[in-house]
Amino acid sequence: LQLTNALRRALEREQFTLHYQPQFDLATGVVCGAEALLRWQHPELGAISPAEFIPVAEDSGQIVAIGDWVLRNALAQLARWRAQGLTQLTLAVNLSAVQFRHPPLAELIERLLAEHQLPADRLELELTENVAVADARAAAQIMDRMHGQGVRLAVDDFGTGYSSLSQLKRFQIFRLKIDQSFVRDLDHDGNDRAIVSAIVRMAQALGMRTTAEGVETAEQLAYLREQGCDEAQGYHFARPMPAQDFERFVRQRA
Ligand code: G
Ligand code: G
Ligand code: MN
Ligand code: NA
């Protein structure tokens, strides 16, 4: 309850920021995108993790307003980067299943893309596998509309949720993000190696791309590359960082 009340004030008091984690193309080594990750700094409670406050915001419905704020700010940031010449970047935004129960989500995204003159295929929406379970019809409508606009859909934390293979096909998923729980022990867990290998192969067969999350070591990276995983992110490359640091990071790498 304390958290719900604090969340209510967080937006108006401008306590949220976005950090950006670089995503790497494993074939070229180039930074090809960023995942926007929400950060909340409360004056008394300190930094609160989204893992803690997002579920609270989902239960109270506040996630809709917070999610709108994330989309507005992330897309404005992408537009600034493009104006500065960083046109190769895609931007990934996490969406909660609750946001998919609100049809205005699609309108907001279309309006923001138009307002900033952004090509729709520079935006990736990260959904968890549970999105389609919560309210299949509303979610399907929004996902179809987004796909029709050219926006890319990515399944986040892939392998940990409730998705079926028929759903993957039905929703025209562009990318599977291999959950970090399968990447963490890649060096010594044969089952995880088999799972990662199978996900990459299935994605290839279905014409989907793969991104490995939580890559922390050169050994993990080598295995992912060998298996043909397309992209990766994780502390091995870089932590999530403020927009200006991200910009410097990309320029230094180019
Ligand atoms: O960045 P971090 O590891 O603290 O994120 C923890 C969790 O919070 C992750 O599951 C991530 O997907 C989620 N998360 C981060 N930012 C957002 C956001 O803007 N919206 C939603 N819905 N989830 C987010
Ligand atoms: O669920 P989602 O994939 O959106 O969450 C991403 C979360 O993973 C973020 O909170 C981010 O800070 C965290 N993260 C990113 N890279 C790494 C990593 O290499 N190791 C670990 N342990 N966490 C990571
Ligand atoms: Mn994510
Ligand atoms: Na994830």
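Computation of the quantities below employed the complete heavy-atom set of this structure, encompassing side-chain atoms and omitting hydrogens, waters and symmetry-equivalent molecules. In each ligand, atom 1 is the first atom listed, and ligand 1 is the first ligand listed.
Geometry about the Mn ion (ligand 3) gives an angle of 90° between OE1 of Glu126 and OE2 of Glu35, rounded in steps of 10 degrees. Rounded to the nearest 10 degrees, the angle OD2 (Asp156) to the Mn ion (ligand 3) to OD1 (Asn94) equals 80°.
Side-chain contact annotation: Gln233 with Gln23, donor-acceptor N/O pair under 3.5 Å present. Under 3.5 Å, the side chains of Gln167 and Arg170 contain no donor-acceptor pair of N or O atoms.
In the vicinity of Val70, heavy-atom distances shorter than 4.0 Å reach the ligand 1 atoms 19 (O). Shown in contact with Gly234 at under 4.0 Å from a heavy atom are these atoms of ligand 2, numbered in order with element: 16 (N), 19 (O). Near Glu35, meaning under 4.0 Å from one of its heavy atoms, ligand 2 places the atoms 4 (O). Taking every heavy atom of Ser96 and a limit of under 4.0 angstrom, the matching atoms of ligand 1 come to 22 (N). Taking every heavy atom of Pro240 and a limit of under 4.0 angstrom, the matching atoms of ligand 2 come to 12 (O). Residue Asp156 has at least one heavy-atom neighbour below 4.0 Å for each of these atoms of ligand 2: 1 (O), 2 (P), 3 (O), 4 (O). Each of the following atoms of ligand 2 lies closer than 4.0 Å to a heavy atom of Gln21: 15 (C), 16 (N). Of all the atoms in ligand 2, the ones that sit under 4.0 Å from a non-hydrogen atom of Val215 are 19 (O).
For the pair Glu231 and Arg175, the salt-bridge criterion is met [side-chain N within less than 4.0 Å of a carboxylate O].
Of all the listed residues (Lys177, Arg239, Gln233, Arg39), Arg39 holds the heavy atom that lies closest to atom 12 (O) of ligand 2. Of the listed residues (Asn73, Leu38, Asn94, Ile66), the one carrying the non-hydrogen atom nearest atom 21 (C) of ligand 1 is Asn94. Remark: among candidates Leu37, Leu127, Thr128, the nearest residue to atom 15 (C) of ligand 1 is Leu37, based on non-hydrogen atoms.
The hydrophobic clustering, which links ILVMFWY residues whose side-chain heavy atoms are closer than 4.5 Å, places Tyr235 and Val215 apart. Following chains of ILVMFWY side-chain contacts shorter than 4.5 Å, one can reach Leu127 starting from Leu206, so the two form part of one hydrophobic cluster. Transitive grouping of hydrophobic side chains (ILVMFWY, heavy atoms separated by less than 4.5 Å) keeps Val30 and Trp81 in distinct clusters.
Note that CD of Gln41 is 14.5 Å distant from CD of Glu14, once rounded to the nearest 0.5 Å. Here the CD-CG distance, from Gln99 to Leu71, works out to 6.5 Å after rounding to the nearest 0.5 Å. One distance of note links CD of Glu124 with CZ of Phe174; it measures 6.0 Å at 0.5 Å rounding.
Look at Arg184 and you'll find every heavy atom at least 4.0 Å from all atoms of ligand 2.
What you find for Tyr223 and Leu186 is that their closest heavy atoms are CD2-CD1, 3.8 Å.
Under 4.0 angstrom from ligand 2, the non-hydrogen atoms of Asp157 all belong to its side chain. With a 4.0 Å heavy-atom cut-off, ligand 2 is reached by no atom of His236.
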